[in-house]
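Report on the following structure.
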Protein chains: 2
Amino acid sequence: MARSTAQRIATELRARVERGALPPGTRLSEEALGRELDVSRNTLREAFRLLLHDQLVEHRLHRGVFVRVPGLHDVTDIYRMRAALESAGVRAAAEAKPGLREAVTRAVTEAEWAADDGDWSEVASADLRFHRALAALAASPRIDTAMDRLLAELRLVFHSMPSPRRFHQPFLVRNRLLERLLEQGEYARAEAELAGYLTDACRLITDTMREVHP
Amino acid sequence: MARSTAQRIATELRARVERGALPPGTRLSEEALGRELDVSRNTLREAFRLLLHDQLVEHRLHRGVFVRVPGLHDVTDIYRMRAALESAGVRAAAEAKPGLREAVTRAVTEAEWAADDGDWSEVASADLRFHRALAALAASPRIDTAMDRLLAELRLVFHSMPSPRRFHQPFLVRNRLLERLLEQGEYARAEAELAGYLTDACRLITDTMREVHP
DNA sequence: GGCTAAGCTGTTGTTCAACAATCCTCAATA
DNA sequence: TATTGAGGATTGTTGAACAACAGCTTAGCC
């Protein structure tokens with residue numbers, strides 16, 4: 001494992017944020033975190049700059065770094081970008097390697113299994129895997145990492161919202177529909193379905209945010 | 001003015017890289033740069049981590065940071081991502097604000113003027129502005145910054161290649177065609193033209209890279 | 001009471017010097 | 001020729017120190 005201390009700390013903090021141990025809005029104190037993780041302030045600051053990459057955290061001058069609190073604009077923007085990346089994947093589906101297409105099918109199936117078990121947390125993560133697999137059809141490393149960042153941000157959005165079931169239940173069947181269309185080579189219809197899917201999901205989230213938060 | 005020293009240094013270095021003052025492959029020595037820019041090693045390192053964001057620079061453990069040397073795979077990948085982002089813009093063109101659409105037209109016109117003057121460096125940058133304006137039609141900050149990063153990387157590619165004229169001359173007329181299609185509301189044809197444009201441009205670059213570099 | 005302004009406090013921003021860990025070079029060896 | 005092993009140079013990390021700043025508190029004023 002050829003990784004510097006700063007990189008290790010960065011991934012540790014990233015994990016904490018994504019798992020919700022550091023809720024949105026939390027300030028990451030240099031002194032406290034440095035003491036807990038047993039690294040110097042300088043290395044911790046380097047880790048912070050690395051974390052900045054994936055928008056999970058923001059930096060306010062002379063005030064420190066905070067776990068980001070995504071707003072309405074962030075959500076709609078994230079979904080615009082998702083639409084761009086995932087439809088790029090769908091459009092490249094015809095020439096995609098079999099392994100990449102299988103990953104799409106597998107994610108849908110696993111989401112359905114998890115739903116049968118009532119494990120909505122696993123449904124959520126399988127859903128994200130499904131969409132990442134869609135974007136991955138484009139066979140582009142840059143698209144993959146961009147997509148990973150978007151989904152990590154989205155996980156942040158979900159942390160400040162209730163009832164994962166409400167968000168994923170209605171989309172299970174649409175995921176399967178989308179996968180079928182791809183399997184049957186109906187790429188144009190798949191792209192249209194994807195567009196509808198994303199606008200609906202985005203609206204569901206933003207509506208809920210308006211309810212919960214003023 | 002609310003910028004830390006590390007941020008200032010980062011933008012200074014970014015400017016040097018984009019202007020070609022620090023050619024691809026250059027190692028950024030902490031000691032030398034720190035002495036020249038009159039900052040401590042620690043702040044310089046923070047600036048390096050910030051620079052890492054936009055892929056202009058890469059970090060090898062225990063060896064330092066180097067100006068990236070984009071390879072063939074990078075170029076094809078950059079163009080895949082460009083296709084995703086720019087076609088997202090084209091597909092959103094119908095609902096785009098007038099100001100965004102004007103920016104597209106303006107960039108094409110300025111590229112043509114520069115070509116008339118024989119100023120191929122300005123043609124190049126107007127061309128990049130044109131494509132950035134295309135992506136900007138999507139009205140998404142995340143798409144904008146992603147696009148900026150891609151174009152900065154692309155500038156890096158051009159630095160290790162000869163004859164800017166060869167790369168931009170053939171595409172002036174296609175830029176104008178694309179702009180016309182958009183203006184006339186022929187979005188489907190515009191998207192097709194864009195796809196062709198990008199694959200051709202990508203091929204031209206990779207072919208040249210194969211000639212110049214083994 | 002309500003307001004502004006000065007001071008206080010805790011945090012981040014930046015520097016410095018030192019040491020540990022690692023890579024590269026180059027010569028000596030088999 | 002290929003390998004090994006010091007030696008030197010650079011990065012990785014630390015701890016301490018001080019400066020600079022944001023936010024809060026308090027004192028003074030109307």
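Computed from a prediction, not measured in an experiment: that's the story for all the values here. Below, read A as the first sequence line, B as the second, and so on, with proteins coming before strands; counting in each chain starts at 1.
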Is the phosphate of [N], meaning OP1 or OP2, less than 4.0 Å from a side-chain N or O of [X]?
| X | N | value |
| --- | --- | --- |
| A:H62 | C:dT14 | no |
| B:R45 | D:dT11 | no |
| B:T5 | C:dT14 | yes |

Original post:
If you pin A:V65 and A:N42 to their nearest nucleotides in DNA chain C, which one's is more 5'?
Top reply: A:V65
Whole Å only: how far is the [atom1] atom of [X] from the [atom2] atom of [N]?
| X | N | atom1 | atom2 | answer |
| --- | --- | --- | --- | --- |
| A:L37 | D:dT13 | CG | P | 14 Å |
| A:L28 | C:dG10 | CG | P | 21 Å |
| B:R8 | D:dA20 | CZ | C1' | 14 Å |
| A:E30 | D:dA20 | CD | C1' | 14 Å |
| B:R35 | C:dT15 | CZ | P | 15 Å |
| A:R41 | D:dG12 | CZ | C1' | 18 Å |
| A:E46 | D:dG12 | CD | C1' | 8 Å |
| B:F48 | D:dT10 | CZ | C1' | 12 Å |

Look at the side chain of [X] and decide which nucleotide, out of [options], has an atom nearest to it.
| X | options | value |
| --- | --- | --- |
| A:R27 | D:dT11, C:dT11, C:dT15 | C:dT11 |
| B:T43 | C:dC24, C:dT15, D:dG12 | C:dT15 |
| B:S40 | D:dG23, C:dC16, C:dT22 | C:dC16 |
| B:R63 | C:dT14, C:dC24, D:dT13 | C:dC24 |

Original post:
Testing B:D74, B:L56, B:T26 for side chain to side chain contact (heavy atoms under 4.5 Å, CB included) with B:R68, which one passes?
Top reply: B:D74
**OP:** For the pair A:R35 and A:E31, evaluate salt bridge (Lys or Arg N to Asp or Glu O under 4.0 Å) and give the outcome as yes or no after the intermediate values.
**Re:** CA-CA 6 Å; A:R35 194 155 19 82; A:E31 204 258 335; 3.2 Å; yes
Original post:
Less than 4.5 Å apart, any side-chain heavy atom of A:Q55 and any of B:R142?
Top reply: yes
**OP:** Please round to the nearest 0.5 Å and tell me the distance separating atom CD of B:E179 and atom CZ of B:F130.
**Re:** 7.0 Å
Subject >> Residue list, ring pair (Phe, Tyr, Trp, His ring centres under 6.0 Å) with A:F171, at least two apart or on another chain >> reply: A:Y197
